[in-house]
J.: 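Please find one structure pasted underneath; my questions will follow.
Note that this is a predicted model, so its numbers are computed, not measured.
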Amino acid sequence: MTRETGGPSPPDRPDDGDEVAVERFVARPDSEEITLLVVDDERNLLSIVASRLQERFGSLEVVTAKHGTEALDLLDSKAVDCVISDYKMPGMDGLEFLEKCRDVEPGLPFILFTSKGSEDVAMEAIDAGATDYLRKNLNDEGFALLANRIENAVVQYRTRKLAREAERHVQRVHDHVADAYLGLDDGWHIASVDERGADLLGGTREDLVGERLWEVVPELVDSPLQSAFEEAVETGETATFRMSHEGMGAHFEVHAVPSPDGLSAYFRDVTDRTEQGVTLDTVADLAVDLRETTDALGAATDRATEACDCEEVHAIAGEQDDLAEVVEELESIVDGDG
């Protein structure tokens, strides 16, 4: 155990003469480490909570603070996976601290852990965005419950972060692969379309989604584009071809990627290749990064399902499946270009 000396006490909290305000307890590094911030004005209880939780996790770092002001300073300087906070504390109570935590990191797991309060406090905490509320119980059963709630909250938090990261990767790759995107279901209805794709079809996203492509743009019937789309669906292989758009005065390279549910089409403006600043190698590198992220998300989702078989986790699992399909589409584009 190592100790760090905290800053000066704020003027609105009692000074007990103890300048040592932060303690760290680091457990075995035999699994992915969790960083936990425990906030309580009772110093002995801080040590008890830190050491008892350390016994229950394979790898855990516990950072402790004696009041909300100090805890907020720690959140500014250190990445934390979960916050455990007392309710009754000098200067700033647990609910006030929760509100400020939400300003720093809206999704950070926050468990109000207190011996004082009431059902009204519990409801207020949940309404304010607390992940959970537990009454202090310092026996084995109480710490087992607290450890379980922490693990569930952290697994879900990390899984959501991975999902957001994967979505950002998808957008980056989309931005590099295509200037426009069109998603069709197995009946050739427009399931999704971005703004650029809507411009190509001569409408708005709101008006186009749900409509049948051949009815929206009847001039595409019996066109090379329809033939390429149908061939991609029939063969199950990505089709790549060129098309011109007279209205925009542009030439596009189109990648039609089939899936069991329909087809995704990516349109890349190739009117002036010299202005294309991104090479296929860049797209391929982004696709590799995206594959690694979605693989990690899949593992995290499996763990989240084991830890908490709840509706939110199932929703994240569904998002992961959708992202995995997108990865396969983008990899098909890269392979097809090669």
J.: Measure the spacing between CD of Glu42 and NZ of Lys66 and express it to the nearest 0.5 Å.
T.: 10.5 Å
J.: Working note: Asp207 + Thr204, criterion side-chain hydrogen bond (donor to acceptor under 3.5 Å, both in side chains); need CA distance, chi angles, decisive distance, verdict.
T.: CA-CA 5 Å; Asp207 293 337; Thr204 65; 3.0 Å; yes
J.: Can you list the residues that meet the salt bridge (Lys or Arg N to Asp or Glu O under 4.0 Å) rule with Lys161, with sequence neighbours excluded?
T.: none
J.: For residues 214-223, which side-chain donor-acceptor pairs fall under 3.5 Å, sequence neighbours excluded?
T.:
unit_1, atom_1, unit_2, atom_2, d
Ser223, OG, Leu220, O, 2.5
Ser223, OG, Leu225, N, 3.3
Ser223, OG, Gln226, N, 3.3

J.: So if you build clusters from Ile, Leu, Val, Met, Phe, Trp, Tyr with side-chain heavy-atom gaps below 4.5 Å, do Phe113 and Ile126 land together?
T.: no
J.: Dump the intermediate steps for side-chain contact (heavy atoms from CB on, under 4.5 Å) on Glu253 and Phe267, then the final yes or no.
T.: CA-CA 6 Å; Glu253 184 175 77; Phe267 299 77; over 6 Å; no
J.: Determine, step by step, whether Met89 and His67 satisfy the side-chain contact (heavy atoms from CB on, under 4.5 Å) criterion, reporting the C-alpha distance in whole Å, the side-chain angles of both residues, the deciding distance to 0.1 Å, and the verdict.
T.: CA-CA 7 Å; Met89 296 182 293; His67 52 82; 5.5 Å; no
J.: List the atom pairs, donor and acceptor, that lie under 3.5 Å between side-chain atoms in residues 90-101 and the rest of the protein, sequence neighbours left out.
T.:
unit_1, atom_1, unit_2, atom_2, d
Asp93, OD1, Leu95, N, 3.0
Asp93, OD1, Glu96, N, 2.8
Glu96, OE1, Asp93, N, 2.9

J.: When rounded to the nearest 0.5 angstrom, what is the spacing between OG1 in Thr64 and CZ in Arg43?
T.: 6.0 Å
J.: Please work out whether the ring planes of Tyr266 and Tyr181 are parallel, tilted or perpendicular, with thresholds of 30° and 60°.
T.: tilted
J.: Run the side-chain contact (heavy atoms from CB on, under 4.5 Å) check on Trp188 and Glu230 step by step: do they pass?
T.: CA-CA 10 Å; Trp188 302 109; Glu230 291 177 345; 3.8 Å; yes
J.: Working to the nearest 0.5 Å, report the span between CG of Leu36 and CG of Asp81.
T.: 8.5 Å
J.: Could you tell me the separation between the OG atom of Ser192 and the CG atom of Leu208, rounded to the nearest 0.5 Å?
T.: 11.5 Å
J.: Measure across Val193 and Ala198 and return the closest heavy-atom pair with its distance rounded to 0.1 Å.
T.: CG2-N, 3.4 Å
J.: Looking at Asp41 and Lys88, is there a salt bridge between them, counting it only when a charged N and a carboxylate O are closer than 4.0 Å?
T.: no
J.: Would a hydrophobic clustering, with Ile, Leu, Val, Met, Phe, Trp and Tyr connected at side-chain separations under 4.5 Å, put Leu145 with Ile48?
T.: yes
J.: As an exercise, state the distance from CD of Glu151 to CG of Leu60, rounded to the nearest 0.5 Å.
T.: 11.0 Å
J.: Any chance you could measure Ile84, atom CD1, to Asp40, atom CG, to the nearest 0.5 Å?
T.: 11.0 Å
